[in-house]
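Here is the structure we will look at.
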Amino acid sequence: MDGEQVKQNLQSAAENANQNGESEIAQQITALIAQHGSNPQALKEEAISLITNNPQILQHFESTFASGILSRIEHA
């Protein structure tokens, strides 16, 4: 997945979190995009770190993105 796709998935997850009343999670994701949005590799690494440290965040991602992340974690 390229950096732009990761960024789009993160933005969608932030919107979903915000809509579900979890503004703190939305802010974390938005901050991640703001800090690393121009560096695709860093954005991917930080997104993985954020999800690994806060697995409940996966519920805010589209199911195909979340499934892909889970399969990578299971095979790591």
### Query
Can you name the side chain to side chain contact (heavy atoms under 4.5 Å, CB included) partners of N53, sequence neighbours left out?
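Expected list: S49.
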### Task
Report whether I48 and L58 are members of the same hydrophobic cluster (ILVMFWY, side-chain heavy atoms less than 4.5 Å apart, transitive linking).
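As far as the 4.5 Å side-chain criterion goes, L58 and I48 are not connected within one cluster.
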Distance, nearest 0.5 Å, that separates [atom1] of [X] from [atom2] of [Y]:
{"X": "E15", "Y": "T30", "atom1": "CD", "atom2": "OG1", "result": "8.5 Å"}
{"X": "I29", "Y": "I57", "atom1": "CD1", "atom2": "CD1", "result": "5.0 Å"}
{"X": "Q11", "Y": "E4", "atom1": "CD", "atom2": "CD", "result": "7.5 Å"}
{"X": "E22", "Y": "Q28", "atom1": "CD", "atom2": "CD", "result": "10.5 Å"}
{"X": "N39", "Y": "H36", "atom1": "CG", "atom2": "NE2", "result": "8.0 Å"}
{"X": "H60", "Y": "N9", "atom1": "NE2", "atom2": "CG", "result": "14.0 Å"}

### Query
Mind checking whether L43 and L10 have side chains closer than 4.5 Å, heavy atoms only?
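Yes. Closest side-chain heavy atoms under 4.5 Å.
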### Query
Is there a side-chain contact between Q59 and N16, using heavy atoms and a 4.5 Å cut-off?
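A side-chain contact under 4.5 Å is absent here.
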### Contact summary for G3 and P40, nearest pair of heavy atoms
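Distance-wise, the nearest heavy atoms are CA-CB, 3.7 Å.
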### Message
Give me the atom names and distance for the closest heavy-atom approach of I25 to A17.
### Response
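Closest heavy-atom pair between I25 and A17: CG2-CB, 4.0 Å.
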### Message
Within a 6.0 Å radius of atom CD on E24, are there more than 12 heavy atoms belonging to other residues, nucleotides or ligands?
### Response
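No, not enclosed.
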### Q41: side-chain hydrogen bond (donor to acceptor under 3.5 Å, both in side chains) partners, not counting sequence neighbours
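Expected list: E45.
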